[in-house]
Amino acid sequence: MKLPPALYAVLAVFLILTGVYSSLTPYRQGGFLKHQRDPATGGPQRAEDIGAPDERQHANYIAFVKSGKGFPVLVPGSPDAYENYQAHQPPLYYILGAGWSTVTGADPTDPGAGFRLRFLNSLIGIGTLLGIYFAGIWGLRRQDVALAATAFAALLPMNIALHAAVSNDPLLYCLVTWVFALSLKGIHEGWDNKVALTIGLLAGLGLLTKTTALVCFPVILGAFLISWRKNGAKPGLQAVALALVLPAILASPWLMRNKSLYGDFFALSVFNAAFTGSPQASLFIGALGAWGYWLNMVLWWTARSFVGAFGYMDVFLFDSMRPDQSGALYSAIFAILAGIVILGLLGLKAESAKAAEEDLPAPSHLLILSAVLLVFATALFIRFNMQYFQGQARYLFPALVAFSYFFAFGAVRLTKDKPQSAWIVPAVFLGLLNLAALQAISEGFPLRLGQ
């Protein structure tokens, strides 16, 4: 299948921007956090690393695997707990990272190796963007919506920053996105064993990347239910087994290791024991009340980090402005995003009629799977924040494909006379936000290093 030139342009810009963000973000460098206070002095909080969230610990995991010692073990209360608090994570990304580190000669513990080591996630991000594009091709057979969705994901500043860091999150996003896209392919083109096998393999690899990959299963089940209800090829028992049972088989060695080592399959017990020092939701709820916690803390911090909150949630857009001015600009951005999404939702009836008229797949199938993915990703996020305060949108980004298509339908409505130009809407809007983000990190990180 021939890909459109605009898609190549979007992918190229994404790759360039991840490189720029990476070059501006410190790697394994300490400093001070402006928005967190040292309880002893009342001044900015000292931090061993001010770059990307948990990046130092992800890199340490890669270094451990590269050393040939096997996989690290998380031991709550151990002297090296700070350096190894990601040791409970499934191993796939770190195996890839160790191989990439060897090929590129990038020592994960070398402060000068950050750009080379981070570039692996830039390439993984290209895979995610292609998955978003093909979700629209298979699910809608519409290049205009697919391009707009891909441009949204490619140019969202927070997504770029996450792919300019050492982390297992981008690989998770990529695998979940392709499970989503291939599920749409199964709905509209039939559930042959090749499609079901590929979905099962990707979901299994997702479980070997991060526990959040559990969101794949509701998506797969949702796709099966849609297929059973619609006319056409329906999944057989073999396809169902390949898509739903194979992931558990692939992940079982790691899950059994966790059960033997930590006492539970997903290492939740050791995670909870090791993270007792993390900000507890109960403390905020006690001080602010439930509404204050969920609205003023979780929602507000998450919303800002959806657009862009860099470092350890410490470098924000418009950081040089007064808090009220900065808050007003963020609110304006959210209003524009919400307005475009609402515009798209209001036009779905017309889009459905157009699809029926042109014998295209109904957009409802893609939107139902998007809603399923978003609901379950949000449920896991809420569950996490019921225990720890983690108002970070990156925990919702496994559903990035869903956010992208909700926006894309609105972008197409804005350019209804020229729908093939819909991708320009996110390109212009998010391009401006990237200028603000690049200014924020180019000014913000040196200030934090220089405290």
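For this chain, numbers begin at 1 and follow the sequence in order.
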Looking only at side chains, do [X] and [Y] share a donor and an acceptor under 3.5 Å apart?
{"X": "His58", "Y": "Tyr94", "result": "yes"}
{"X": "Ser269", "Y": "Asp264", "result": "yes"}
{"X": "Asn385", "Y": "Gln390", "result": "no"}
{"X": "Asp54", "Y": "Tyr61", "result": "no"}
{"X": "Tyr85", "Y": "Gln57", "result": "yes"}
{"X": "Tyr21", "Y": "Asn434", "result": "yes"}
{"X": "Thr150", "Y": "Trp423", "result": "no"}

Any donor-acceptor pair under 3.5 Å linking the side chain of [X] with the backbone of [Y]?
{"X": "Ser22", "Y": "Thr18", "answer": "no"}
{"X": "Ser260", "Y": "Met256", "answer": "no"}
{"X": "Asp314", "Y": "His35", "answer": "yes"}
{"X": "Asp144", "Y": "Gln420", "answer": "no"}

Using a 6.0 Å cut-off, check whether atom [atom1] of [X] has over 12 heavy atoms from anything other than its own residue.
{"X": "Trp291", "atom1": "CH2", "answer": "no"}
{"X": "Lys194", "atom1": "NZ", "answer": "no"}
{"X": "Gln238", "atom1": "CD", "answer": "no"}

Please round to the nearest 0.5 Å and tell me the distance separating atom [atom1] of [X] and atom [atom2] of [Y].
{"X": "Ile336", "Y": "Phe407", "atom1": "CD1", "atom2": "CZ", "value": "9.5 Å"}
{"X": "Leu197", "Y": "Leu182", "atom1": "CG", "atom2": "CG", "value": "11.0 Å"}
{"X": "Thr109", "Y": "Glu83", "atom1": "OG1", "atom2": "CD", "value": "10.5 Å"}
{"X": "Ile249", "Y": "Leu244", "atom1": "CD1", "atom2": "CG", "value": "11.5 Å"}
{"X": "Glu55", "Y": "Ser167", "atom1": "CD", "atom2": "OG", "value": "8.5 Å"}
{"X": "Ser305", "Y": "Leu162", "atom1": "OG", "atom2": "CG", "value": "9.0 Å"}

For the residue pair [X] and [Y], what are the closest heavy atoms and their distance?
{"X": "Pro90", "Y": "Thr211", "answer": "CG-N, 4.5 Å"}
{"X": "Asn84", "Y": "Asp80", "answer": "ND2-OD2, 2.8 Å"}
{"X": "Pro398", "Y": "Leu172", "answer": "CG-CD2, 3.7 Å"}
{"X": "Pro426", "Y": "Ala151", "answer": "CG-CB, 3.7 Å"}
{"X": "Ala243", "Y": "Phe224", "answer": "CB-CZ, 3.8 Å"}
{"X": "Arg28", "Y": "Arg56", "answer": "NH1-O, 3.5 Å"}

Residue pair [X] / [Y], side-chain heavy-atom distance below 4.5 Å:
{"X": "Trp254", "Y": "Pro91", "result": "yes"}
{"X": "Tyr93", "Y": "Pro170", "result": "no"}
{"X": "Tyr395", "Y": "Thr302", "result": "no"}
{"X": "Phe64", "Y": "Val73", "result": "no"}
{"X": "Ile124", "Y": "Leu120", "result": "yes"}
{"X": "Leu140", "Y": "Pro361", "result": "no"}
{"X": "Met158", "Y": "Arg394", "result": "no"}
{"X": "Trp100", "Y": "Leu123", "result": "yes"}

message: Suppose the criterion is ring pair (Phe, Tyr, Trp, His ring centres under 6.0 Å): which pairs have a residue in residues 108-137, not counting sequence neighbours?
response: Phe134-Trp138

message: Against Ser183, only a single residue in Leu373, Leu369, Ile226 fulfils side-chain contact (heavy atoms from CB on, under 4.5 Å); can you say which?
response: Leu369

- request: Would you please test Ile50 and Phe445 for side-chain contact (heavy atoms from CB on, under 4.5 Å) and show each step?
  value: CA-CA 8 Å; Ile50 64 166; Phe445 282 124; 4.2 Å; yes

query: Step by step, would you call Phe389 with Trp294 a ring pair (Phe, Tyr, Trp, His ring centres under 6.0 Å)?
result: CA-CA 10 Å; Phe389 168 57; Trp294 288 105; 9.5 Å; no

task: Identify whether NZ of Lys or CZ of Arg in Arg118 sits under 6.0 Å from the centre of the six-membered ring of Tyr27 and within 45° of that ring's axis.
output: no

- prompt: Which is it for Val401 and Trp178 under the side-chain contact (heavy atoms from CB on, under 4.5 Å) test, yes or no, and what are the steps along the way?
  reply: CA-CA 10 Å; Val401 62; Trp178 276 101; over 6 Å; no

query: Should the pair Glu351-Arg142 be classified as a salt bridge under the 4.0 Å nitrogen-to-oxygen rule?
result: yes

Return the orientation label for the [X] and [Y] ring planes: parallel under 30°, perpendicular over 60°, tilted otherwise.
{"X": "Phe271", "Y": "His88", "value": "tilted"}
{"X": "His163", "Y": "Phe14", "value": "perpendicular"}
{"X": "Phe316", "Y": "Trp301", "value": "perpendicular"}
{"X": "Phe334", "Y": "Trp300", "value": "perpendicular"}

message: As a quick check of understanding, evaluate side-chain contact (heavy atoms from CB on, under 4.5 Å) for Phe397 and Leu156, giving each step before the final call.
response: CA-CA 11 Å; Phe397 276 22; Leu156 186 64; 3.6 Å; yes

- request: State which residues pass side-chain hydrogen bond (donor to acceptor under 3.5 Å, both in side chains) with Thr378; sequence neighbours excluded, sorted by chain then number.
  value: none

- prompt: Checking side-chain contact (heavy atoms from CB on, under 4.5 Å) for the pair Phe152/Tyr405: CA distance, chi angles, key distance, verdict?
  reply: CA-CA 9 Å; Phe152 176 84; Tyr405 276 97; over 6 Å; no

